[in-house]
Student: 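Okay, handing you the structure first.
Keep in mind the model is a prediction, meaning the values are calculated, not measured.
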Amino acid sequence: QVQLVESGGGLVQAGGSLRLSCAASGFTFSSYTMGWFRQAPGKAREFGAAISLNGDSTYYADSVKGRFTISRDNAKNTVYLQMNSLKPEDTAVYYCGAGWGTLRIEEYDFWGQGTQVTVSS
């Protein structure tokens with residue numbers, strides 16, 4: 001069955017870094033756009049970053065542009081999110097998704113269970 005398993009979340013101080021990973025199985029990973037979304041308490045899930053099938057195109061929300069980097073390894077069926085210069089407002093549950101689009105939640109077919117990122121001030 002389809003599985004997306006996120007890892008790498010945790011507690012970090014403002015200004016610090018984390019690297020999230022999302023391991024995929026049960027579908028043809030290289031045929032899907034991969035994205036990272038996040039959901040803070042009391043807020044809707046929002047787009048963070050996305051990467052095209054072969055990794056040659058990336059997309060970022062303005063809120064993370066210049067601080068976060070998305071990448072993928074199709075040989076390992078894994079997508080990554082390198083997060084630098086973290087801010088308290090980056091605190092959220094981070095979800096990876098696999099889909100056919102980039103920016104919109106409805107463009108994603110599969111989702112992971114999420115990993116918590118907490119940034120302390």
Student: Side-chain atoms of residues 61-68: list all donor-acceptor pairs with protein atoms under 3.5 Å, sequence neighbours left out, distances to 0.1 Å.
Tutor:
residue	atom	partner	partner atom	Å
Asp62	OD1	Lys65	NZ	3.3
Ser63	OG	Arg38	NH2	3.4
Arg67	NH1	Ser85	O	3.0
Arg67	NH1	Asp90	OD2	2.7
Arg67	NH2	Ser63	O	2.8
Arg67	NH2	Asp90	OD1	3.0
Arg67	NH2	Asp90	OD2	3.4

Student: Check whether any side-chain N or O of Ser121 sits under 3.5 Å from a backbone N or O of Pro88 as a donor-acceptor pair, and report yes or no.
Tutor: no
Student: Find the distance between CG (Leu103) and CZ (Phe47) and round it off to the nearest 0.5 Å.
Tutor: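 Interatomic distance, Leu103 CG to Phe47 CZ, rounded to 0.5 Å: 5.0 Å.
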Student: How about Leu53 and Thr33: do any of their side-chain heavy atoms sit closer than 4.5 Å?
Tutor: yes
Student: Just by distance, do the side chain of Tyr60 and the backbone of Ile70 share a donor-acceptor pair under 3.5 Å?
Tutor: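 Yes; at least one donor-acceptor contact below 3.5 Å.
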Student: Any chance you could lay out the ring pair (Phe, Tyr, Trp, His ring centres under 6.0 Å) test for Tyr108 and Trp100, step after step, and finish with the verdict?
Tutor: CA-CA 6 Å; Tyr108 287 78; Trp100 48 271; 8.5 Å; no
Student: Decide yes or no for Arg45 and Trp111: does some side-chain heavy atom of the first lie under 4.5 Å from some side-chain heavy atom of the second?
Tutor: yes
Student: Enter the distance from Glu46:CD to Trp36:CH2 here, rounded to the nearest 0.5 Å.
Tutor: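 With rounding to 0.5 Å, CD (Glu46) is 14.5 Å from CH2 (Trp36).
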Student: Transitively linked via ILVMFWY side-chain contacts under 4.5 Å: Val79 with Phe37?
Tutor: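 Val79 does not cluster with Phe37.
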Student: If every non-hydrogen atom of Arg72 is compared with every non-hydrogen atom of Ser30, which pair is closest and at what distance?
Tutor: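 In this case the closest contact between Arg72 and Ser30 is NH2-CA, 3.9 Å.
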Student: With side chains defined as the heavy atoms from C-beta onward, is the minimum distance between Val119 and Glu89 less than 4.5 Å?
Tutor: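 A side-chain contact is absent here, since even the closest heavy-atom pair is not under 4.5 Å.
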Student: Any idea how Tyr32 and Phe27 line up, ring-wise: parallel (<30°), tilted (30 to 60°), or perpendicular (>60°)?
Tutor: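 Answer is perpendicular, since the angle exceeds 60°.
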Student: Could you tell me whether the side chain of Glu107 and the main chain of Thr102 form a donor-acceptor pair under 3.5 Å?
Tutor: yes
Student: As an exercise, state the distance from OG of Ser25 to CD of Gln1, rounded to the nearest 0.5 Å.
Tutor: 7.0 Å
Student: Would you tabulate the side-chain donor-acceptor contacts of residues 4-11 under 3.5 Å, counting partners in other chains and residues two or more places apart, or write 'none'?
Tutor:
residue	atom	partner	partner atom	Å
Glu6	OE1	Gln113	N	3.0
Glu6	OE1	Gln113	NE2	3.4
Glu6	OE1	Gly114	N	2.9
Glu6	OE2	Cys96	N	2.9
Glu6	OE2	Gly114	N	3.3

Student: Anything under 3.5 Å between a donor and an acceptor, one on a side chain of residues 15-23, the other on a protein residue two or more places apart or in another chain? List them.
Tutor:
residue	atom	partner	partner atom	Å
Ser17	OG	Asn84	OD1	2.9

Student: How close do Gly26 and Val2 get, heavy atom to heavy atom, and via which atoms?
Tutor: O-CG2, 3.7 Å
Student: Phe29, Tyr95: one ILVMFWY side-chain cluster at the under-4.5 Å cut-off?
Tutor: no
Student: Mind checking the OG1-CE spacing from Thr78 to Met34? Nearest 0.5 Å is all I need.
Tutor: 9.0 Å
Student: With a 4.5 Å cut-off on side-chain heavy-atom distances among I, L, V, M, F, W and Y, is there a chain of contacts connecting Ile51 to Phe110?
Tutor: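 Yes, one cluster joins them.
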Student: Are there more than 12 heavy atoms of other residues, nucleotides or ligands under 6.0 Å from atom CD of Glu106?
Tutor: yes
